[in-house]
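By convention in this document, chain letters (A, B, ...) are assigned in the order of the sequence lines, proteins followed by strands, and residues within each chain are numbered from 1. Being a predicted model, the structure only gives us computed values, none of them experimental.
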Amino acid sequence: MIDLKDLRENPDRYRHAAQLKRIDVDIDTLLELDAKRRALDSTRQQLTAEKNSIGKQIAQLAGRLKSASPTEKSAVQEEMKNLQSRPTELKAQEQTLDAQVAEIDPRLMEILLRCAQPADDDVPVGRDDSENVEIKKWGTVRQFDFSPKDHMTLGSELNLIDVDRGVKLAGSRSYFLIGDGALLHQAVLRLAQDMMMERGFIPMTVPVLVREPAMVGTGYFPLGREQSYVMSNEEPAKYLVGTAEVSLTAFHMDETLDGKTLPRKYVGMSPCFRREAGTYGKDTAGLYRIHQFDKVEQVIICKNDIKESKRWHEEILQNAEAILQKLDLPYRIVKVCTGDLGQGQVAKYDIETWMPSRKSYGETHSASRFYDFQARRLNLRYRDEEGKVRICHTLNNTVIASPRVLIPILELYQNANGSITIPTALRPYMGNREIIGNA
RNA sequence: GGAGGAGUGGCAGAGUGGUCGAAUGCGCCGGUCUUGAAAACCGGUGGGCCAGCAAUGGUCCCGUGAGUUCGAAUCUCACCUCCUCCGCCA
């Protein structure tokens, strides 16, 4: 959530932010509702103050009544009765005001939840992902001296992937991983988790079925609601997360952490569920765009300090690079432009890994920094050295997402005879074998 | 799923309609004492929102939301969470 006070003072900053992120949000109405809301609040407080003060007088009389002599008693009772009429009037006025507030509040909140966090100054301005800016390339793209197969061909010839039966059971964009396909998938995830643990991240198994506040708090709702699966026979409803980021970031929701314990570094492995609404006909072949996958995700919760946030952003980016380098997969890093940035993100790097069958780099990682956007929604705070309560900053990045990353692995590690060489880093997780398929 | 019980400040725990943001203890912070520490003693110690440069003032918060009442931590209803017992179960 954005800072409403800041919006009041710098409305143009937020108009501009929404425009750059191409989010349709009515700032003028928001300001108008906010002004009305505060005026009502102020009036209402005055009424309540008067009511409370009369209430206290009555209370004191009630106390005196207990020890009053019979002659005093009736006088005190009379006085109490006289005092009682005014609060009744005040209460009626309060109710009128409350009704108005009750009408305004949801409208105000609806708009507020749609407001875009302004992108950081170093973010390139652009319309969509075509205007993301490449900042780094790593590795050499393999040149084949034979005609390479795509991962689907390899997957079915070696009996690693079965999409047909996946679709039969679960509908479009579903799949089975079989035998070494399943093992390779798990090997990649384990490698990722182990590498993150070496880097001081605490491993977590997280809920993947969560309540609405976790989804709103992390910024996936309300704008991305149609992308999530909902369990509507639960009351209140539960939602399947699209990433462990939701659970890891919301882990400390409504808490005030001790500043000395920051940063918190968490790594979670979880299934991820995405409806992929509005993507019909896009990336239909193979394991690229699917409804369910597994991902190892890194999350950092740190102090409210822009410099620190930026530093951790570089670190989580490097963590992801480290695993791609260990797997020797060529990749590039792009700085995501304003139009391709999420509502709450102030900056984002995508890592794209070379995928021979796509003849291009395909997104495999996404490293985001939010400053206090998520933490404000989550009511996630900490106490600093001076004892002041402040809102945390949050960041996250993919460590590895599989099976998508199996696309470059299978395609780049294939041999002329149709077998796959297992990347060295994965062999310890695959019984130290070197080859999938006949050598 | 069935039957009971419970949710109060960092923690423990009192409070069953009024002067209660809430006793007391522990913890924490500051001080006195001490060569230093401990003990003892003294003082302090929540958050949100609004106004204000600030000091401060107002208001809201006793799981959450609604209600009764001049007045609710205390009474009523709904929901959430936890505990105990029974059933079922990876």
### Task
Take the protein atom NZ of A:K5 and the nucleotide atom C1' of B:rC50, then report the distance between them rounded to whole Å.
9 Å

### Query
Between B:rC70 atom P and A:K91 atom NZ, what is the distance in whole Å?
6 Å

Any donor and acceptor pair, going by atom type alone, linking the side chain of [X] with main-chain N or O of [Y] inside 3.5 Å?
X: A:H313; Y: A:A367; result: yes
X: A:S419; Y: A:I435; result: no
X: A:D384; Y: A:K388; result: yes

### Message
Give me each pair satisfying ring pair (Phe, Tyr, Trp, His ring centres under 6.0 Å) with a member in residues 192-221 of chain A, each pair once, sequence neighbours excluded.
### Response
A:F221-A:Y239

### Residues forming a side chain to side chain contact (heavy atoms under 4.5 Å, CB included) with A:S402, sequence neighbours excluded
A:H185, A:L189, A:V405, A:L406

#### Entry: Summary of salt bridge (Lys or Arg N to Asp or Glu O under 4.0 Å) pairs that have at least one residue in residues 238-253 of chain A, sequence neighbours excluded
A:E234-A:K238

### Query
Going by distance alone, is a donor N or O of one side chain under 3.5 Å from an acceptor N or O of the other, for A:N397 and A:E297?
no

### Interface residues of residues 379-386 of chain A with RNA chain B (non-hydrogen, below 4.0 angstrom)
A:R381, A:R383

### Query
In residues 247-263 of chain A, which ones come under 4.0 Å of RNA chain B, going by heavy atoms?
none

### Query
In chain order, what residues pass the salt bridge (charged side-chain N to carboxylate O under 4.0 Å, His left out) check against A:R264, with sequence neighbours excluded?
none

### Query
Looking at residues at least two apart in the chain, or sitting in another chain, which of them share a salt bridge (charged side-chain N to carboxylate O under 4.0 Å, His left out) with A:E276?
A:R289

Can you check nucleotides 26-28 of chain B for protein contacts, nitrogen or oxygen pairs under 3.5 Å, and list what you find?
none

If you restrict it to nitrogen or oxygen atoms, what contacts under 3.5 Å exist between nucleotides 53-58 of chain B and the protein, and what is each distance?
residue: B:rG58; atom: N2; partner: A:Q45; partner atom: OE1; Å: 3.1
residue: B:rG58; atom: N2; partner: A:Q45; partner atom: NE2; Å: 2.9
residue: B:rG58; atom: N3; partner: A:Q45; partner atom: OE1; Å: 3.0

### Task
Using the test side-chain hydrogen bond (donor to acceptor under 3.5 Å, both in side chains), find all partners of A:Q117 that sit at least two apart in sequence or belong to another chain.
none

Please list each protein N or O that sits under 3.5 Å from an N or O in nucleotides 79-81 of chain B, with the distance.
residue: B:rC80; atom: OP1; partner: A:E235; partner atom: O; Å: 3.3
residue: B:rC80; atom: O3'; partner: A:R211; partner atom: NH2; Å: 2.9
residue: B:rU81; atom: OP1; partner: A:R211; partner atom: NH2; Å: 2.4

### Query
How does RNA chain B read in dot-bracket, base by base from 5' to 3', with Watson-Crick or G-U pairs under 3.5 Å and | used when the partner is on another strand?
((((((((.[[[..)..(.....]]]((((((.......))))))((((((....)))))).[[[[[..)....]]]]])))))))....

